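Contents: one structure, followed by commentary.
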Amino acid sequence: SWRASERLRQQAENLSRLRGSGGQRYDFEQQLAAIRATRNDYELAVRCYKHLETTLKLFFGAKGRNLQGRIDVAERSGAVAPAVADELRFVANVTSDLVSKHTVHALRDREYFR
């Protein structure tokens, strides 16, 4: 969600010149703008998921197979506060439901998710 991303962003250092641990440039603001402009629920969920996954990997060094794994690593290392980790898990769970459950076709609360 936008809220989770914003809280994660607040924990990142040097926000004006964000660079990942490998020196990769990542335009945080551009990614958030693209997420906010998204109209389709599936695209919104996947973009948020990928954005959070990339942020955890590049700026917090969280390794894992997926967003859930990276959240766990970041929380265990103390890089991400438990409250933020809970919000990130919400994004991971909602995205998983939307993509994999045949009975889910839209985000229940799109505005909260953004």
Side-chain angles (χ1 to χ4, degrees):
S1 78
W2 178 83
R3 287 179 191 90
S5 181
E6 190 61 29
R7 289 184 71 183
L8 190 61
R9 175 182 172 217
Q10 290 170 358
Q11 292 190 355
E13 295 178 2
N14 300 321
L15 294 178
S16 61
R17 292 178 296 282
L18 287 176
R19 289 195 184 277
S21 57
Q24 301 97 325
R25 184 87 172 131
Y26 186 72
D27 192 334
F28 205 94
E29 294 301 326
Q30 181 182 5
Q31 294 300 320
L32 286 181
I35 289 168
R36 288 186 196 115
T38 302
R39 306 242 185 264
N40 178 288
D41 283 359
Y42 288 93
E43 184 180 358
L44 175 61
V46 171
R47 278 182 177 265
C48 282
Y49 186 101
K50 290 168 78 173
H51 170 68
L52 295 173
E53 203 174 37
T54 300
T55 301
L56 286 169
K57 178 183 175 187
L58 293 179
F59 304 107
F60 296 91
K63 298 189 185 327
R65 284 186 19 192
N66 54 28
L67 182 55
Q68 287 280 12
R70 290 180 185 176
I71 294 166
D72 292 343
V73 168
E75 185 178 26
R76 278 195 305 269
S77 72
V80 173
V84 175
D86 289 344
E87 288 187 50
L88 298 175
R89 284 188 188 94
F90 171 79
V91 172
N93 290 333
V94 168
T95 302
S96 177
D97 287 351
L98 185 63
V99 172
S100 62
K101 289 186 178 178
H102 74 281
T103 57
V104 178
H105 304 289
L107 295 170
R108 284 178 278 165
D109 188 350
R110 189 177 208 287
E111 286 309 307
Y112 178 82
F113 195 81
R114 293 177 85 197

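Keep in mind it's a predicted model, so treat the numbers as computed, not measured. The first residue in the sequence is number 1, and the count goes up from there. Atoms considered below: every heavy atom in the structure, side chains included; atoms not considered: hydrogens, waters and symmetry mates.
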Distance-minimising heavy-atom pair for [X] and [Y]:
{"X": "Cys48", "Y": "Ile35", "value": "SG-CG2, 3.5 Å"}
{"X": "Ala45", "Y": "Thr95", "value": "O-OG1, 3.4 Å"}
{"X": "Leu107", "Y": "Val94", "value": "CD2-CG1, 3.3 Å"}
{"X": "Ala106", "Y": "Leu98", "value": "N-CD1, 3.5 Å"}
{"X": "Val104", "Y": "Tyr42", "value": "O-OH, 3.6 Å"}
{"X": "Val80", "Y": "Phe60", "value": "CG2-CD2, 4.4 Å"}

Atom CG in Leu58, atom CD in Glu53: separation rounded to 0.5 Å?
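Going from CG on Leu58 over to CD on Glu53, the span is 10.5 Å.
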Nearest 0.5 Å, what's the CZ-NZ distance between Arg70 and Lys63?
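The NZ atom of Lys63 is 8.5 Å from CZ of Arg70, to the nearest 0.5 Å.
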Restricting to salt bridge (Lys or Arg N to Asp or Glu O under 4.0 Å), what partner residues turn up for Arg89, sequence neighbours left out?
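Partners of Arg89 by the salt bridge (Lys or Arg N to Asp or Glu O under 4.0 Å) criterion, ordered by chain and then number, come out as Asp72, Glu75, Asp86.
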Using side chain to side chain donor-acceptor pair (under 3.5 Å) as the criterion, list what pairs up with Asn93, not counting sequence neighbours.
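Testing Asn93 for side chain to side chain donor-acceptor pair (under 3.5 Å), a comparison that skips the adjacent residues, returns Gln68.
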For Gln31, what residues pass the side-chain contact (heavy atoms from CB on, under 4.5 Å) criterion, not counting sequence neighbours?
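Scan of Gln31 (side-chain contact (heavy atoms from CB on, under 4.5 Å), adjacent residues dropped) gives Tyr26, His51.
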Does any N or O in the side chain of Thr54 come within less than 3.5 Å of the main-chain N or O of Lys50, such that one atom is a donor and the other an acceptor?
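The answer is yes, because a donor-acceptor pair under 3.5 Å joins these two groups.
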Any pair with a residue in residues 99-108 that passes salt bridge (Lys or Arg N to Asp or Glu O under 4.0 Å), sequence neighbours left out, goes on the list, sorted by first then second residue, please.
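Only Asp97-Lys101 qualify under salt bridge (Lys or Arg N to Asp or Glu O under 4.0 Å).
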Going only through I, L, V, M, F, W and Y residues with side-chain contacts under 4.5 Å, is there a path from Leu52 to Val73?
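As far as the 4.5 Å side-chain criterion goes, Val73 and Leu52 are not connected within one cluster.
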